[in-house]
Amino acid sequence: MTPRATRRLTIAAALALGLAVVLLLARGHRDVGYVRDEGIYFHASRAYADWAVRGLQSPSVLFDRPARDRAFAVNHEHPALMKLAGGLSARLFSAPGPGGQPPETRAQPGLAPIMPEGAAMRLPAQLLAGLGVVLLFLAGAGLTRKRPVLGDSPLSAPPASPRPATPVTDLSPGTSSPREPNLSPETSSPRATDLSPETSSTLGSSRVFATGTAPAADPSPGTSSPREPNLSPGTSSPSDLSPETSALSPLIPAVLAALWFIGLPHVWFHAGLHCFDVPVAVLTLAVVLCYRRALASWRWSLLLGPLLGVAISVKHNALFIPVLLGVHYLACLALARRRPSRGQLLPLPFLSMALLAPPTVLALWPWLWSDPLARLGEYLEFHRLHAYYNTEYFSINYNQPPLPWSYPFVLTWATVPTALLLLAAIGLVLAVRSDLSSRPSADLCPARFTAPLRGHPARDGLLWALFGLFPLLLISLPTIPIFGGTKHWITAYPFLALAAAFAYVTLWRSLALTGRARHLPAALLPLLLVPALWSTLHGHPYNLSQYAPLAGGARGAADLGLMRGFWGSAVLPLLDDLSERPGPLHLHDLHELARLQYEREGRWPPGTTSAPLTRARAALLFHERHMLSNEVDAWNHFQNSAPLDVITLDDVPLTSLYAGSK
Amino acid sequence: MRANSPRLASFATLRPVPLDATRRRAAVLLGLVGLVAAVEWIAAARAYRSILGPADWDAAAAALAALPPDEPVLLADDWLGPTARRHLLPLQRSLGRPDLHGAPRFHVLALGEALPADLRADLGDLAPEPLGVDPLGPLTLHHFATPSGHVLWDILDQPALLAADRAGPCRKAQRTWVCKHGRATVRHAEIAYRPRRCLAIDMSDGAALELRGRVDLGARLRGHLGFTDFNGRLRNDAPAIVELELDGVPKARWLVSDNQGWAAFELATTPGPAELTIRVTNLLAGTFNPGGYDPETRRIPCLDLRAITEPT
C-alpha cells in the first residue's frame with residue numbers, strides 16, 4: 001500500500017471510529033441517568049441558549065448587561081462554552097416534552113427534533129469525545145513512522161531514497177539528530193493529519209518516514225540519525241532488519257491509543273455526559289498536538305492561542321496547559337545544550353497563547369464581559385477555595401485535609417486495567433529516556449521566533465510524561481479536594497494512551513519478527529484491550545461505579561472500601577417502581593433540577609413529587625459511605641430497614657428505594 | 001560512552017548492538033504485559049458477573065429461619081446490607097447492635113471473610129470460638145460462641161426509667177422522652193460510619209439528661225457513647241460527659257469525644273437490684289461553620305447501656 005493510501009485509510013478509519021463512538025454515546029447514554037451536576041448545567045444551558053438566540057434575533061440583546069448577567073449568572077463558577085453549546089444543541093435537536101404540562105416545565109421542540117432534550121444537550125460533549133478518539137487514532141498511527149519529525153508534513157516532502165530500508169532497532173538514547181532544515185512553509189502548514197505527534201521527532205526536517213520507507217542517507221558526516229529508545233541502554237547500531245519486519249501497520253497503535261482512552265469505563269461514562277471532564281481532556285490533547293506543530297510553524301502558532309482559549313473556556317484544568325508547555329519548551333532548550341537564539345527567547349507559540357487565548361476566553365464567556373477582572377478573580381477564588389466534599393478511600397471517609405497522597409494513583413490502578421497502565425509506564429520510560437539523550441544537529445540554523453524549535457528533536461516523551469503525570473501529582477497534594485474521583489485527572493489519560501501505543505510499537509519493532517509472526521502485534525492487541533472493553537460494556541450504564549478486573553470489579557472495590565458513586569445518577573430502573581406508588585418522594589442525592597429534566601422529557605412518574613424525608617412516602621438512597629446517616633434516617637422514618645428495590649452492579653447496591661406504610 | 005566529536009559520535013552509532021539482549025528485553029516486557037493482560041481476562045470473568053441469585057437468597061433465608069430468634073445474626077459484608085436485608089428479614093433484628101458482648105452465641109452470614117475488622121472491633125477482647133459453618137452457595141453461614149454472659153437489662157428496652165433534665169421530669173411518648181431542654185429518642189444513628197441503635201440525646205448546650213430507675217444488675221454495666229452524624233462531627237469537637245450512680249453513690253464519670261468513635265465504657269457491678277442513675281451532659285450540641293456557631297445544625301450524642309451477667 002502506498003503511503004498516500006495508508007494515510008487515507010488511517011484517516012477514514014479514524015473518522016469511522018470517532019463517528020461510531022459518538023453514535024454509541026448518543027444512544028447508549030440514554031440509559032445513563034442524569035448526574036447531579038448535569039441538572040444544573042441543563043438549567044444553565046437553557047438560559048444561555050435563550051440569550052444567544054435572542055441575540056441572534058436582535059443583536060442589541062448581546063450588549064444589554066442586565067439581560068446578559070441574568071442569563072449567565074446561573075452556574076457562573078464554570079465557563080460557559082459547553083453549556084452554551086449544549087443549549088444550542090437542544091434548540092436544534094430536542095424532541096418536544098409531553099403535552100399537558102405547562103410550557104416552562106416541558107422540553108421545547110428543536111428545529112430537527114430527533115432526541116430527548118437532555119440527550120441533545122449531551123451531544124456537544126459526545127462530539128468532542130469522538131474528536132478525541134480521532135485525534136488519538138491519528139496520533140497513534142503516527143507512532144509507526146520510524147523517525148518522526150516534528151513540524152514535518154511527511155507526504156508533502158520529497159520522496160526518500162528508494163534504496164531498501166535500513167531501519168534501526170537500536171533504540172539507544174543520545175543518537176537523535178535532525179537532518180537538513182526544511183525552510184518551506186508548506187511543509188509545516190496546519191493540516192488535519194499533521195496533528196499526529198509522531199509524524200516527526202525532529203522539528204522542521206523534511207523527510208518521508210512512512211511505513212516501510214527509509215530515510216535518506218545523512219549527508220552530514222558526524223551527525224547521527226534519530227533513533228527510537230533502545231531497550232539496551234548504551235548500545236547502538238543499525239540492525240539488519242528487512243523492510244518487511246519494520247512494517248507495523250499504523251492501525252495497530254492507532255486502535256490501541258484510541259481504545260486505551262475511550263474504552264475505559266470511567267472515561268466512557270464521563271464522555272457521554274453534559275459535563276466538562278472529557279471535553280477538557282480532548283482539548284488538552286488538541287492543544288498539545290497543536291503546540292507540537294507550532295514549534296516549527298507560524299501558522300500552527302497562530303492557531304495555538306485561540307485553541308488554548310477554547311480549552312480554558314471548557315474547564316479550568318486547561319489553565320495549567322501553558323505552564324506545562326513552558327516546562328517542555330525550556331527542557332527542549334536546555335537539552336539542546338546550546339545558547340538559545342534571540343528568536344527562541346520570545347517564541348511565537350507562547351506569544352500566541354499569551355495574547356490570543358485571553359480574548360478567546362473573554363469572547364466565549366459572556367459572564368466576563370461585565371467587570372471581567374473582578375469576575376475572573378471570583379472564578380479563580382471559587383476553585384482555589386473549593387469545598388471538600390466526602391469521598392471514601394479504603395473504608396475511610398475523607399472530607400477535610402490532609403487527604404491521602406496515594407489516592408489518584410490507587411484509583412487509577414483500580415479503574416484502568418493494569419496491563420494498559422504497565423504499557424503506558426514502559427512507553428513513558430522509553431520515550432523520556434530517548435528524549436533526554438537526543439540532541440539537535442550541530443549545523444542547525446539559528447531558530448527564528450516563528451519556528452523556535454525547527455530542526456530540534458520533538459521530545460514527545462517529555463510531553464506525554466508532563467501531561468500524563470502532572471494531573472495525578474496535582475491531585476495527590478494533600479490539600480487538593482478528591483471528591484470527584486477519576487474525573488479530576490482524566491486529562492492525563494490521552495497522554496498515557498499515546499505512551500502505551502508507543503511502547504507497543506517500540507517493543508514489537510525491537511523483536512523484529514518475520515514471517516507469520518509479523519502478525520502477532522495485531523493478533524495480540526485484543527488481549528490488551530478486551531479487559532477494558534469488557535469492563536465498560538458490562539458496567540454500562542453504571543460505569544461510574546465500575547472497577548478494573550484486578551481490583552475485582554464493583555464487588556472487589558466494595559470489599560476494598562472504594563468509592564461507589566457520587567452523582568445520584570443510577571436511578572432509571574427505579575422509575576417503574578415509583579410509578580406504582582405515586583406520592584411524595586425524598587430524592588436524596590438526585591438533584592431536583594435533574595428530576596425536572598426527566599419531567600420535561602416525560603420520563604418522570606406522574607404524581608411523584610419531591611419532598612423532604614419527614615413528609616415522604618418513599619425515599620431514594622444512593623449508597624456512599626457518608627450517606628449512611630441518610631439511610632439510617634430513612635430506616636427511622638419508615639420504621640423499616642429493608643428496601644423495596646435495589647439497583648446493583650454485580651451484587652453491589654448502588655441505589656435503594658425505601659418505602660413504608662406512612 | 002559519550003561522543004565528544006562528530007567522528008566519535010558517528011563511530012558510536014556504529015557499535016555492534018547486542019541484538020539478542022535487545023530482543024530478549026522486548027520479549028520479556030511484552031511477555032509481562034501479555035501475562036498481566038491474560039490474568040486480567042481471568043479476573044474479568046470472575047468479577048464481571050453477579051454471583052448471588054434468588055436461589056442463594058432463598059437458601060440463606062431458610063438457614064436463618066432455623067436459628068434461635070434470640071441469637072444475633074450479622075452480615076459480614078456491610079456493603080451487601082441493603083440487598084441482604086431485602087431478602088433476609090432476620091438481619092434487621094441485629095441491625096445496629098452495640099457490640100457482641102452479651103451474646104454467648106452469634107451467627108455471621110458472609111460472602112467473604114467471616115470476621116472482618118468491624119465485627120472484630122465489636123468483639124473487643126472476646127475470643128470467638130467457631131462452632132460450625134454452613135455453605136449456602138456463594139454465601140456462608142458461620143456459627144460462633146463467645147465467653148460472654150447474657151444481657152439482663154438494656155436501657156433501650158427499659159420503659160420504667162424516669163427521665164429528667166434540670167427543669168424537671170420528661171414526658172415519655174413511644175420511643176421518645178420529651179423534656180424542657182430537649183428530647184431523647186431510641187432510634188438508629190450513624191456513628192463512626194456504622195449504624196447503631198441507641199438513645200439519641202438531643203439536649204440544649206450544657207443541659208444534662210438524667211435517667212433513673214431500679215434495675216437488676218449483673219457482673220458489669222457496659223455501655224457506649226458516640227456522636228451522630230458525620231457532618232456534625234466534622235464541625236463540633238466538644239466532648240460529652242457520662243456519669244453513673246448506683247444507689248445514690250457516684251461510681252464513674254467518663255469524658256467522651258467524637259474522635260473516639262463508638263466509645264465503650266464499663267463498670268464492674270455486684271449482681272442484684274440497685275437504683276441506677278445515668279446522666280449525660282452534652283457540652284455543645286450545635287456546630288461551627290464559617291458563619292460562626294450554629295445551634296440549629298446538631299451533633300447529637302447517642303447512648304447505649306446494658307447490664308451483663310458473668311459468662312456461664
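We use all heavy atoms of the structure for the numbers below, so side chains are in, but hydrogens, waters and symmetry mates are not. Here is how names work: the chains are called A, B, and so on, in the same order as the sequence lines, proteins then strands, and each is numbered from 1. These numbers come from a predicted model, not from an experiment.
- When side chains are defined from C-beta on, A:H626 does not count as touching B:D229, because their heavy atoms never get closer than 4.5 Å.
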N/O donor-acceptor pairs under 3.5 Å from side chains in residues 415-427 of chain A, not counting sequence neighbours:
unit_1, atom_1, unit_2, atom_2, d
A:T415, OG1, A:L411, O, 2.7
A:T418, OG1, A:W413, NE1, 3.1

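- When every heavy atom of B:E40 is checked against every heavy atom of A:P531, the shortest pair comes out as CB-CG, 3.9 Å.
- B:R85 has a carboxylate O that lies under 4.0 Å from a charged side-chain N of A:E631, or vice versa, which qualifies the two as a salt bridge.
- B:Y48 has its side chain out of reach of A:L537: every pair of non-hydrogen atoms, C-beta onward, lies at least 4.5 Å apart.
- Heavy atoms of A:L621 lying under 4.5 Å from chain B are absent altogether.
- The shortest distance between side-chain heavy atoms of B:L95 and A:W635 falls below 4.5 Å.
- In this structure, the portions of A:S641 lying under 4.5 Å from any heavy atom of chain B include both its backbone and its side chain.
- Residue A:T648 touches chain B through its side chain alone, counting heavy-atom pairs closer than 4.5 Å.
- Using a 4.5 Å cut-off between heavy atoms, A:N640 contacts chain B through both its backbone and its side chain.
- For a residue to count as touching a neighbouring chain, one of its non-hydrogen atoms must lie under 4.5 Å from one of that chain's; by this rule A:Y547 touches chain B with the backbone only.
- For residues 73-82 of chain B, the interface with chain A (any heavy-atom pair closer than 4.5 Å) comprises B:D77, B:W79, B:L80, B:P82, sorted by residue number.
- The side chain to side chain contact (heavy atoms under 4.5 Å, CB included) search around B:H87 returns B:W57, B:T83, not counting sequence neighbours.
- Between A:D559 atom CG and B:E113 atom CD the span is 9.5 Å, to the nearest 0.5 Å.
- Not counting sequence neighbours, the partners of B:D99 by the side chain to side chain contact (heavy atoms under 4.5 Å, CB included) test are B:H101, B:D122, B:R222, B:H224, B:R306.
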